[in-house]
Amino acid sequence: MRIMTWNINSLRLRLPLVHKLVTNYSPDILCFQETKVPDPLFPHQALQDMGYPFIAFKGMKSYNGVAIASRFPLQPNDSPPDWCMKTDSRHLDVEILHPTTSFRLHNFYVPAGGDIPDPESNPKFAHKLAFVKETTEWFTQTPSKATILVGDLNIAPLPEDVWSHKQLLPIVSHTPVETELLTQWQKTIFVDAMRLITPPPEKLFTWWSYRNRDWRKSNRGRRLDHIWITPDLTTKLKTIEVLKDVRDWEKTSDHVPLFMDITL
DNA sequence: ATGGTCGCATAGCGA
């Protein structure tokens with residue numbers, strides 16, 4: 001079972017890149033963030049034609065948006081939480097119905113939080129902190145077995161998850177209040193699957209800003225995208241790959257896709 | 001210290 005996650009920064013614009021990913025890597029399940037497409041305009045047929053008949057999506061005009069495209073049937077949570085009461089298309093919660101081993105899959109797009117790391121003066125940062133507190137509370141009350149969480153969590157928790165721990169400490173995505181909250185969320189029922197495969201001190205990035213002349217040369221990356229699994233799945237975890245080369249594809253996202261292989 | 005680049009509601013916002 002290969003599960004891929006990608007902050008695609010417009011699904012419709014990058015459908016050709018999805019096709020290339022499918023051809024090259026053949027994921028069983030694709031999880032997208034920042035689809036930026038309202039539900040009536042969702043490219044359902046294109047994903048079906050690529051071999052994904054089972055699709056869950058939640059979008060809005062211009063911003064946010066999440067989707068899951070699967071080769072296996074899926075069953076969405078029929079009463080998903082409305083995080084921060086904003087109804088802003090940041091989360092999908094589905095059961096993947098696999099012939100031998102079903103599991104629960106969460107796809108998250110956490111608020112980026114704006115530029116100023118102060119909840120008093122920056123409502124976007126306040127929203128980000130409130131969002132992560134709510135998800136933490138919610139996961140303390142959910143079953144702790146056979147669950148996978150992926151997505152753009154917009155926080156790089158470890159010193160080795162950013163190009164310069166010291167320089168990014170006051171930067172939104174790596175401030176102590178954020179990294180502490182993300183750790184608390186993770187500890188509810190999950191372990192960090194990426195760091196089981198690639199432990200520190202090896203650096204691991206999934207995002208490089210559009211604003212660098214040469215992203216590879218400057219390498220000012222951050223690990224904003226994550227794959228978490230419940231402990232019962234760790235023995236089934238085979239590999240995780242961060243598809244760094246996709247950052248060089250034509251008209252690509254500033255995030256790269258990553259996938260996990262698990263034996264079910 | 002500043003500005004740098006994307007995508008979508010094609011203007012200014014959010015990232």
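In what follows, every chain begins at residue 1, and chains take the letters A, B, ... in the order their sequences are listed.
With both ends at atom C1', the span from dA11(B) to dG7(B) equals 12 Å, rounded to whole Å. Taking the C1' atoms as reference points, dG4(B) lies 14 Å from dA15(B), given to the whole Å. Look at the C1' atom in both dA9(B) and dC13(B): the space between them is 10 Å, to the nearest Å. Here, dT10(B) and dG14(B) have their C1' atoms 15 Å apart, quoted to the whole Å.
The phosphate of dG14(B) has OP1 or OP2 within less than 4.0 Å of a side-chain N or O from K124(A). Contact annotation: R12(A) side-chain N/O to dC8(B) OP1/OP2 distance is not under 4.0 Å. Contact between the side-chain N/O atoms of K251(A) and the OP1/OP2 oxygens of dG7(B) is found at a separation under 4.0 Å. Remark: S209(A) is not in phosphate contact with dT5(B), judged by side-chain N or O atoms under 4.0 Å from OP1 or OP2.
The separation between I171(A) atom CD1 and dA1(B) atom P is 11 Å, rounded to whole Å. Computed from coordinates, the D254(A) CG to dG14(B) P distance equals 17 Å when rounded to whole Å. Rounded to an integer number of Å, the gap from OH of Y63(A) to P of dA15(B) is 8 Å. With rounding to whole Å, E250(A) atom CD is found 11 Å from dC6(B) atom P. When the P atom of dT5(B) is taken as reference, atom CH2 of W207(A) falls 14 Å away, rounded to whole Å. Atom pair Q33(A):CD and dC6(B):C1' shows a separation of 17 Å (rounding to whole Å applied). Going from atom CH2 of W208(A) over to atom C1' of dG4(B) covers 19 Å, rounded to whole Å. Between Q167(A) atom CD and dA1(B) atom P the separation is 12 Å, expressed in whole Å.
Checked by atom type and distance alone, the side chain of T35(A) never pairs as donor or acceptor with a backbone atom of L11(A) at under 3.5 Å. Judged by distance alone, the side chain of H91(A) and the main-chain N or O of F108(A) form no donor-acceptor pair under 3.5 Å.
Here R220(A) lies out of heavy-atom contact (under 4.0 Å) with every strand.
Nearest-nucleotide positions on DNA chain B place L41(A) closer to the 5' end than the other of P111(A) and L41(A). The nearest heavy atom of DNA chain B to T252(A) and to N64(A) marks one nucleotide each, and the one closer to the 5' end goes with T252(A).
Comparing atom distances between the P38(A) side chain and each of dG7(B), dA15(B), dA9(B) picks out dA9(B) as nearest.
A centroid separation of less than 6.0 Å is found between the aromatic rings of H106(A) and W138(A).
One finds the CG atom of L17(A) at 11.5 Å from the NE2 atom of H19(A) (value rounded to the nearest 0.5 Å). Here CG of N212(A) is found 9.5 Å from CG of N219(A). Values are rounded to the nearest 0.5 Å.
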